Amino acid sequence: MAVIQHETTIGEVAEQITRVLTGHRVEIIQGRITVTPPADGGHALTLTWVIEEYGRTVRGKGLRSVQGVGLWLPSGPQDYAVPDLSIVDADFRDAHVEKNCFAPHVFRMVLEVTSSNWADDLGPKVECYAQAGIPIYVVADRRHDEVLLYTDPREGVYQTRTPYKRGTSVQVPKSLGLDMELSVDQLLDGDPDD
């Protein structure tokens, strides 16, 4: 009697981890599974502030602010990331690839707020998002107390990397199609009024 063996794919392992670790974010970045615990309070307040401050403006420009939506990455056959916050085309659901992941061309901006896996946001994700052609990548780097703005992805590399310190604001490039100025302090700390 022949025994049929099934080799488990990295995608299947990621799905198993997702089922077991409810509330954790599971991603496959450059062929490596990463697992991030649920967001802390400051992290959540940052995302809430951006959505409350700019949600209506974003929506008025035919875009949407979304959380927990997967971005299919060209860096590997099963690679995907789940950015903290994305600004996408309003019809992004038409670009569904598989699972809860969508094609990169509908993503206009990605925002990550660093947590325990901060090195992924500052290394592999910079490379992957540039390769995917994401026009604007903003990182609220709580580990190094600064915000980084990556723009102009060409040939898989962001041509511009601009750091911002506390007390300043990030003027999101006009190419997004809306006027968005993000306070570095609020990106790092969340809304101080809460």
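Since the model is a prediction, treat every value here as computed from it, not as a measurement.
- Under a cut-off of 6.0 angstrom, the local environment of CZ in R59 is sparse, with at most 12 non-hydrogen atoms contributed by other residues, nucleotides or ligands.
- The two residues T151 and P173 come nearest to each other via the heavy atoms CG2-CG, 3.6 Å.
- When the side chains of ILVMFWY residues are joined at heavy-atom separations under 4.5 Å, either directly or via intervening members, V13 and V82 end up in a single hydrophobic cluster.
- When every heavy atom of Q186 is checked against every heavy atom of T46, the shortest pair comes out as O-OG1, 3.4 Å.
- Listed here is the closest heavy atom pair of A103 and V97: N-CG2, 3.5 Å.
- Judged by distance alone, the side chain of D185 and the main-chain N or O of R166 form no donor-acceptor pair under 3.5 Å.
- The distance from the OG1 atom of T8 to the CD atom of E15 is 11.0 Å, given to the nearest 0.5 Å.
- Atom CG of residue L188 and atom OH of residue Y164 lie 13.5 Å apart, to the nearest 0.5 angstrom.
- A salt bridge links K174 with D179: the closest approach of a Lys/Arg side-chain nitrogen to an acidic carboxylate oxygen falls below 4.0 angstrom.
- Here CD1 of I87 is found 12.5 Å from NZ of K61. Values are rounded to the nearest 0.5 Å.
- Side chain of E98 to backbone of H96: no donor-acceptor contact under 3.5 angstrom is found.
- Evaluated for a side chain to side chain donor-acceptor pair (under 3.5 Å) with R25, the options D84, T36, T34 yield exactly one hit, D84.
- Listed by first and then second residue, the salt bridge (charged side-chain N to carboxylate O under 4.0 Å, His left out) pairs involving residues 38-49 are D40-R142 (not counting sequence neighbours).
- Heavy atoms only, all atoms of each residue included: V69 and P83 are closest at O-CD, 3.4 Å.
- A donor-acceptor pair under 3.5 Å links the side-chain atoms of R108 to the main chain of H105, judged by distance alone.
- Taken from OG in S65 to CD in E52, the straight-line distance is 11.5 Å, to the nearest 0.5 Å.
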For residues 120-141, which side-chain donor-acceptor pairs fall under 3.5 Å, sequence neighbours excluded?
| residue | atom | partner | partner atom | Å |
| --- | --- | --- | --- | --- |
| D120 | OD1 | R32 | NH2 | 2.6 |
| D121 | OD1 | K125 | NZ | 3.4 |
| K125 | NZ | E27 | OE1 | 3.2 |
| K125 | NZ | E27 | OE2 | 3.0 |
| K125 | NZ | E112 | OE2 | 3.0 |
| E127 | OE1 | Q30 | NE2 | 2.7 |
| Y129 | OH | E112 | OE2 | 2.7 |
| Y137 | OH | D121 | O | 2.7 |
| D141 | OD1 | R143 | N | 3.2 |
| D141 | OD1 | H144 | N | 3.2 |
| D141 | OD1 | H144 | ND1 | 3.3 |
| D141 | OD2 | H144 | ND1 | 2.7 |

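- By the 30° and 60° cut-offs, the orientation of the rings of F92 relative to F102 is perpendicular.
- Within the 3.5 Å criterion, the main-chain N or O of P163 finds no donor-acceptor partner in the side chain of E146.
- The environment of CD in E181 is crowded: more than 12 heavy-atom neighbours from other residues, nucleotides or ligands sit within 6.0 Å.
- Atom CD of E12 sits about 9.5 Å away from atom CD of E7, to the nearest 0.5 Å.
- For the residue pair T160 / D152, no side-chain donor-acceptor distance below 3.5 Å is found, with atom types taken as modelled.
- Closest non-hydrogen pair, W72 versus D79, comes out as CD2-O, 3.8 Å.
- Heavy atoms only, all atoms of each residue included: L176 and L63 are closest at O-CD1, 3.8 Å.
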